[in-house]
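Order of appearance sets the numbers: ligands from 1, and atoms from 1 within every ligand. Numbering of residues begins at 1 and proceeds along the displayed sequence. All values reported here derive from a predicted model rather than from experimental measurement.
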Amino acid sequence: MKIAVCPGSFDPVTLGHLDIIKRAAKLFDEVIVLVMSNSEKKPLFTSDERADLIKKCVKDKNVRVDIYNGLLVDYAKAHGAVAIVKGLRAVSDFDYEFQLALINQSLYPRIETLFLSAKGENMFLSSSMVKEVCSLGGDISAFVPAEIADDIYLRCNKGDGSND
Ligand code: ADP
């Protein structure tokens, strides 16, 4: 069984992330969407909340969601994953993602990093952009799944941000 991991902060999950997750689910027997923390970003949602938001909109049978804050390759090794699947938006993503792929390869040579190109309409879509638009009262319905739009509106506009 071929297992892939789709890691990210998903704060919150967007249509861009979902496109990558669904495409990965067609290529692998099982996909683990891995919610990780990013020390450089102050999250709007806790890890548990971010995982719940993903579960609300991903119903594919071969996709599951997990939370992990350690070294990605250790998780991949422990769960028998053969690939890390990442989405690439623009050239600006490439430098950082390529560095990560090389580091992960040197830490665990049996893991492959696979890059899927973002769909054209998701090229400029990011979680930070969604949060910015939403907190300024803009319409985010074209950027996030309908199932979670209200959760994002509530959190962005009530100011009850988490401290995860
Ligand atoms: P962000 O960069 O928006 O904070 P994450 O850290 O949660 O996103 O990203 C997780 C993965 O999803 C990364 O591989 C990232 O490149 C990819 N990704 C993020 N936004 C998009 C998008 N709009 N289209 C395709 N892939 C994306």
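- In terms of protein heavy-atom proximity, atom 9 (O) of ligand 1 is closest to His17 NE2, 3.5 Å.
- Using a 4.5 Å cut-off on side-chain heavy atoms (C-beta onward), Leu116 and Leu27 make contact.
- Between Ser126 and ligand 1, no N or O atom pair is found at a separation short of 3.5 Å.
- Residue-level proximity to ligand 1 for Leu125 is carried by backbone and side chain together, each with a heavy atom below 4.0 angstrom.
- With hydrogens left out, the protein atom closest to atom 6 (O) of ligand 1 is Ser9 OG, 3.2 Å, a heavy atom.
- Listed by chain and residue number, Glu121 satisfy the salt bridge (Lys or Arg N to Asp or Glu O under 4.0 Å) test with Lys119 (two or more places apart in sequence, or in another chain).
- Ser47 places none of its side-chain heavy atoms less than 4.5 Å from the side chain of Met36.
- For atom 26 (N) of ligand 1, the closest heavy atom belonging to the protein is Ile20 CG1, 3.4 Å.
- Counting heavy atoms from C-beta outward, Leu53 and Asp151 have side chains that approach closer than 4.5 Å.
- If you check which protein heavy atom lies closest to atom 4 (O) of ligand 1, you get Lys41 NZ, 2.7 Å.
- Among all protein heavy atoms, the one lying closest to atom 3 (O) of ligand 1 is Ser127 N, 3.2 Å.
- His17 is listed as a side-chain neighbour of Ser127, based on a closest heavy-atom distance under 4.5 Å.
- Applying the salt bridge (charged side-chain N to carboxylate O under 4.0 Å, His left out) test to residues at least two apart or on different chains, the pairs with a partner in residues 60-72 are Lys22-Asp60, Glu30-Arg64.
- Within ligand 1, the atoms closer than 4.0 Å to a non-hydrogen atom of Phe10 are 7 (O), numbered from 1 in the order shown.
- Under the 4.5 Å side-chain contact rule for hydrophobic residues, Ile21 and Leu72 do not share a cluster.
- When heavy-atom distances to ligand 1 are checked against a 4.0 Å cut-off, Cys6 has no atom that comes that close, whether in backbone or side chain.
- The protein heavy-atom contact nearest to atom 16 (O) of ligand 1 is Gly87 O, 2.5 Å.
- The contact set between ligand 1 and Pro7, taken as ligand atoms under 4.0 Å from a residue heavy atom, comprises 10 (C), 11 (C).
- Considering backbone and side-chain atoms alike, Asn122 places an N or O below 3.5 Å from some N or O of ligand 1.
- Here the protein heavy atom with the shortest distance to atom 2 (O) of ligand 1 is Arg89 NH2, 3.0 Å.
- Here Lys86 does not pair with Asp93 in a salt bridge; the nearest charged N to carboxylate O distance is not below 4.0 Å.
- Residue, atom and distance of the protein heavy atom nearest to atom 13 (C) of ligand 1 are Lys86 CE, 3.7 Å.
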